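Data first, discussion second: the structure below is written as structure tokens.
Basis for what follows: all heavy atoms, side chains included, without hydrogens, waters or symmetry-related copies. Predicted model, so just to flag it, every value in this text is computed and none were measured.
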Amino acid sequence: MAGSSCARSDPPRWRSRVQAAPAPQFEDADPVEVERQMLDVARFLVAVPAVLGTAHGMAPAFTGRRVTVHPGGDMLVHFDGCSYSLRVTKSPRWSSLVMNLGHVLLAVGLDELSATASRSEIDEYIEHAGETGRIHATVAALTEARNRPVPAARLA
């Protein structure tokens, strides 16, 4: 499951990570295959169609401990029954924020998005995906990172 992720500039009360299929560097992507792969990611994360703008969706459910933040800002998203994890873009500032909050909103876009997309392109992607029902979301808690437990109070 290939994918890139991009930080979204949101109000300070919450932050999210957008997971979307990366735009291919040298060839056109098959939109049907991209959607199939990203729906698989959403299904593995127990993500539901998101409520954004005028799109009708469901409030995201809590999916459990799925995100590990390692020293230096490396972040991994874990899937049930899978020995592999998805590494998301390294961002020490965002990782620190997630460590302080203990939870993260994971958003899975069903269309391709360039790994080099600007903040405005990411915002436009999220707005369009939300308006057209092309984004799914879930809330995840942190796992233990290299023998550093997540305080139980953060999981309440």
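For Thr116, the side chain to side chain donor-acceptor pair (under 3.5 Å) partners two or more places apart in sequence, or in a different chain, are Ser114. Not counting sequence neighbours, Thr138 has no partner by the side chain to side chain donor-acceptor pair (under 3.5 Å) test. Listed by chain and residue number, Asp40 satisfy the salt bridge (charged side-chain N to carboxylate O under 4.0 Å, His left out) test with Arg43 (two or more places apart in sequence, or in another chain). Under the salt bridge (charged side-chain N to carboxylate O under 4.0 Å, His left out) criterion, Glu124 pairs with no residue at all, not counting sequence neighbours. Shown here are the side chain to side chain contact (heavy atoms under 4.5 Å, CB included) partners of Ser85, two or more places apart in sequence or in another chain: Leu76, His78. Legend: residues meeting side chain to side chain donor-acceptor pair (under 3.5 Å) with Ser118, ordered by chain and number and at least two apart, are Ser120, Glu121. Residues that satisfy the side chain to side chain contact (heavy atoms under 4.5 Å, CB included) test with Val139, not counting sequence neighbours, are Pro60, Phe62, His103, Leu105.
Following chains of ILVMFWY side-chain contacts shorter than 4.5 Å, one can reach Phe44 starting from Val88, so the two form part of one hydrophobic cluster.
Note that CG of Leu101 is 9.5 Å distant from OG of Ser96, once rounded to the nearest 0.5 Å. With rounding to the nearest 0.5 Å, the separation of CD in Gln37 from CD in Glu112 is 11.5 Å. The CG atom of Leu39 sits 5.0 Å away from the CG atom of Leu110 when rounded to the nearest 0.5 Å. Between the NE2 atom in His70 and the CE atom in Met75 there is a gap of 10.0 Å [rounded to 0.5 Å]. Note: Thr63 OG1 to Asp80 CG = 6.5 Å, rounded to the nearest 0.5 Å.
Contact of the Val77 side chain with the Val41 side chain is not registered, since no non-hydrogen atoms from C-beta on lie closer than 4.5 Å. Residues Asp111 and Met38 fail the side-chain proximity criterion, which asks for heavy atoms closer than 4.5 Å.
Considering all non-hydrogen atoms of both residues, His136 and Pro49 come closest at CD2-CA, 3.7 Å. Of all the heavy atoms in Leu142 and Arg65, the pair that sits closest is O-CG, 3.4 Å. Closest non-hydrogen pair, Ala140 versus Val67, comes out as CB-CG2, 4.0 Å. In this structure, Leu86 and Phe79 approach most closely via the heavy-atom pair CB-CE1, 3.8 Å. Nearest heavy atom pair, residue Thr143 against residue Arg66, reads CG2-N, 4.0 Å. The minimum heavy-atom distance between Val69 and Ser95, with the atom names listed, is CG1-CB, 3.8 Å.
The list of salt bridge (Lys or Arg N to Asp or Glu O under 4.0 Å) pairs with a residue in residues 98-110, not counting sequence neighbours, is empty.
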